[in-house]
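Only one structure is covered here, and it is reproduced in the block below.
Heavy atoms only: backbone and side chains are in, while hydrogens, waters and symmetry mates are out.
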Amino acid sequence: MAEKIMLIDGNSIVNRAFYGVPLLTNGEGRYTNGVYGFLNILFKLLDEEQPDYLAVAFDLHAPTFRHRTFDGYKGTRKGMPEELREQMPLLKEVLQAMHIPIFEQEGFEADDILGTLSALAEKNGIVPVVVSGDRDLLQLAGETLKVRIPKTKGGRTETEDYYAADVQAKYGVTPAEFIDMKALMGDTSDNIPGVPGIGEKTAAKIITQYHDIETAIAHAAEIKPKKASENLAAYQEQARLSKFLATIVRDMPLEWDKESLKIGDMFNQTAYELVKRLEFKSMFSHFEGSASAPKQAEQTYRFVADREGAKEVLAALKKGEVGYAFVYENEEGQGLALYQEQLGGVWIEASMAFLMQELLEIFQPFFADSAYRKIGHDVKKDIRFLRSYGYNGFTAEFDTAIGAYILNATGSSYEYDDIAATFLNETYPSQEEVFGKGRTKKAFAALPEAERTAYGARQAEIFFRARKVMEERLAENEQKSLFYDMEMPLIYVLADMEKYGIKVDKAALLAYQKRLGESLDGMEEEIYALAGEKFNINSPKQLGVILFERLGLKGGKKTKTGYSTAADVLEKLRTAHPIVERILHYRQLAKLKSTYADGLLAVMDAETEKIYSTFNQTITATGRISSTEPNLQNIPVRLELGRELRKIFIPESAEFCFLDADYSQIELRVLAHISGDESLIAAFKSNQDIHRMTASQVFHVPFDEVTPLQRSNAKAVNFGIIYGKGAFSLGQDLGISRKEAEEYINAYFARYPKIKTFMEDTIKNGAKNGYVSTLWNRRRNMPELQSSNFMQRAAGERAAMNMPIQGTAADIIKLAMIKVHRALQEGGYRSRLILQVHDELLIEAYKEEKDAVAKILKENMEHAADLLVPLDVDVHEGASWFEAK
DNA sequence: CCAGTCACG
DNA sequence: ACGTACGTGACTGGA
């Protein structure tokens, strides 16, 4: 079989890739999506074509012979976006590392290089395959020369393939005629003029009949329509010029050196290192089969499945650092993996013959003794698991999931394979790759013994070794205290909160659900009547049609998919039609019923009638914790009907009551501290109504004469400042002009100049360092700040200004939780912390301890941090969350 | 699986 | 001139 060469149009493929793959950055903050997309296309096509030779051609910035012939050539083309431009050297670096030849030649475009190389290849008996995103290349298609046009769609790459016959079939012209067609119709993207008045349709007709422009010009008089006929005659020189510009050169001066094009050791160590640095995990596998890939997991692990073996392992275990990992399948423990340097990796498996209960019993001394300094991953999960077997008090020294999160809070996941890739530069199959997914998912027990062993023991080893790397990086970042004194201790607080859960008044919740259901039924009928037909009110699409087409309301398009029917749009239409108000009301009730009434009942434990949320410590970019299944941090409170729902959250028994403590204005206080603004600090020190104070200072009115409107406007300004909000949207919210809003903001910054300085410095340092941080050195990487895209940079700047404020507040309440938890434990109280909602703690207090606990709460929260302003905490008591708020 | 919507701090 | 507030999670409809 003939040999094959693949020739790639570098610029056009990287462009396609860039726009087809969402903007990605790696941990260093470099944009990588263009390179990623390019390599994806490259690997896929290499796999399909199996070529023997390979080359990539790029355009240079220098003008080409086409520019010299025609000044306007490519004059309309916009430059590459900065986010892509900075990836070009990176792409070339990767190609070089893979020993893929790169062609660039002054005076010529990539097209010409491809045209010439493909011609040379054919002359030398090698079959060319040309890859480009640009249809101009179709003129090269031939009997054996295939042109492939890849498209990246939703992460997948599809290609359109063209031999000469395919071009004929699709466009009705031969590849050579394709050039003549373009000469007539022109090309705005390259600024090829063509002939005025001749577009794609007419050009196709003319070329199908006359085959080339010279013949067509000779027969210009016969051509219809008249306009085309006249213009073709009048602009024949322009047509010839256009043909010249559109023709790809196939004989430019180029050395043919076959050997240098031969595909060599592409998947080598240098390239692998680069791909790892770029964090292209899905590509690692390409490198693994090759001899130069790093060794990994060649080590053999021990498999143990009985009492005697387990006891031996325990005896061999030394006090000191130990990597450990439980393997779970649907919350059920399959076994325990341990790793120490002198021990190696061991997988101890539970089974019908060796129950998990026995396994845990044997290892009880290990779990109970903190001289075994345990390094695990998602320790909270292990605490819960051990507790379900009656073992309490488990502690670990290091949680690698949390370590990875502290070192990069914006990571997408922190699974063991992510940890190994990030900290050890090693790649392992992910959980999904081991077990599959969906209906073809395999059970753990279905894997061969050697795989089960490797899967478990490998994790314990990864955690053990990654800890050392993390430790160094935490030290470099001065984040050891954040990690060891805040995040690690918090694990046990959250584990307890998840253990206690919160009791639900089931009867009241059912009644609430029923009440909502009945209201909704009635409203549905009313809305159908007003609309004049039945439709699905929950479908924004159908609702949009009803409102803006059938009823003719003016709202216009807003979203990509059609009309926006969001609350703020409907709010403006409230008076336009009676249906609008009912829809808003319907939406409110529907939300309460589906998310809260139905949703909470679905997750309530039938046995205990409690709800057990999960608190996640590695999700948010700012350091807050999040709550899932259910989310207990977004229970309604702002509107009365929703707030009623809080009556169903009650203490576990009559011996308990709720104490709810919340920080007053914590974010503004943090802002006062971090910025050091004397005026704002003074306001908090004198314990004044801060929004009234701001109003008085910004609007220049005496404190006592501030009107309610001024106060509420000042409040909006205060919040706007925290979020980096601009004049436009502040004006929207307050219903004032952009100009007025701007004046408010200017007055604000004039009055509080250090806040302005703080914002500016945060952005400046963020851009310089690539991250912003809190008072406790929590970091958020912010590569967006270096973006040249206005929108992305502006959004990045807002996030950058907000993170130190929101994040420091998060740090403070975390410290408070640890203190409160410790004080309750050490004081031997039965009261316990059960919920955190960002600036609020909910305690289930043993009634006899109520007053003492209220004091503990207030003291520990107010003294969790020592700022330039006092922290102020309000504590309320009640027989439900509703009452205690 | 994504977009739209809406609940919270 | 750009488009327009930070951070979350859950539910619904519809490709």
When the distance from CD of A/Q588 to P of B/dA7 is rounded to whole Å, what number comes out? 7 Å

So A/E667, base contact, sugar-phosphate only, or nothing? Heavy-atom distance under 4.0 Å. nothing

Using whole Å, what does the distance between atom C1' of nucleotide B/dG9 and atom CG of A/L841 come to? 13 Å

What contact category does A/R738 fall into here, base, sugar-phosphate, or nothing, at under 4.0 angstrom with non-hydrogen atoms? nothing

Answer with base, sugar-phosphate or nothing: what part of the nucleic acid does A/R798 contact at a heavy-atom distance below 4.0 Å? sugar-phosphate

Can you tell me, in whole Å, how much space there is between the C1' of B/dC6 and that of C/dC2? 28 Å

Applying a 4.0 Å non-hydrogen cut-off, can you work out what A/G720 is touching in the nucleic acid: base, sugar-phosphate, or nothing? base

Can we say A/E644 and A/K647 salt-bridge, meaning some charged N sits less than 4.0 Å from an Asp/Glu carboxylate O? yes

When we call it a touch if two heavy atoms are under 4.0 Å apart, what does A/A810 touch: a base, just sugar-phosphate, or nothing? nothing

Within less than 4.0 Å of OP1 or OP2 of B/dC6, is there a side-chain N or O belonging to A/R587? yes

Ion pair A/K380/A/E498, N-O distance below 4.0 Å: yes

Taking atom P of B/dA7 as reference, at what distance in whole Å does atom CD1 of A/I635 sit? 12 Å

What nucleic acid atoms does A/E840 come within less than 4.0 Å of, heavy atoms only: base, sugar-phosphate, or nothing? nothing

Return the value, rounded to whole Å, for the distance between atom CG of A/L639 and atom P of B/dC8. 6 Å

When the C1' atoms of B/dC8 and C/dA5 are compared, how many Å lie between them, rounded to an integer? 16 Å

For A/N536, answer base if it contacts any base atom (sugar-phosphate contacts may also be present), sugar-phosphate if it contacts only those atoms, and nothing otherwise; contact means non-hydrogen atoms under 4.0 Å. sugar-phosphate

So that I can tick it off, tell me whether A/E571 and A/R574 are bridged by a salt bridge, with the cut-off set at under 4.0 angstrom between side-chain N and carboxylate O. yes

A/I722 near the nucleic acid: base, sugar-phosphate alone, or nothing, with a heavy-atom cut-off under 4.0 Å? nothing

Heavy-atom contact window of chain A on DNA chain C, given 5' to 3' at under 4.0 Å: C/dC2 to C/dA15

Nucleotide B/dC6, atom P - distance to CG of A/N631 in whole Å: 17 Å

Look at all strands and tell whether A/A621 reaches a base, only sugar-phosphate, or nothing, counting heavy atoms closer than 4.0 Å. sugar-phosphate

Could you pull out the closest heavy-atom pair between A/A800 and A/T762, with the gap in Å? O-CG2, 3.4 Å

Checking N1-N3 plus N6-O4 or O6-N4 for Watson-Crick, or N1-O2 and O6-N3 for wobble, each under 3.5 Å, the partner of C/dA1 is none

Which nucleotide, if any, forms a Watson-Crick or G-U wobble pair with B/dA3, using both distances under 3.5 Å? C/dT12

Would you call A/D598 and A/K593 a salt bridge, taking side-chain N to carboxylate O under 4.0 Å as the test? yes

Geometric class of the A/F719/A/H691 ring pair [parallel <30°, tilted 30-60°, perpendicular >60°]: tilted

Run the salt bridge (Lys or Arg N to Asp or Glu O under 4.0 Å) check on A/R738 and A/E742 step by step: do they pass? CA-CA 6 Å; A/R738 198 199 59 84; A/E742 181 135 26; 2.8 Å; yes

Is the side chain of A/R669 donor-acceptor paired with the backbone N or O of A/P870 at a distance under 3.5 Å, no angle test? yes

What distance, rounded to whole Å, do you find between the two P atoms, one in B/dA7 and one in C/dG3? 28 Å

Send over the distance from A/N634 CG to B/dC6 C1', rounded to a whole Å. 9 Å

B/dC8 P sits how many Å from A/D839 CG, rounded? 13 Å

Roughly how many Å is it from CG in A/L645 to P in B/dC6, rounded to a whole number? 18 Å

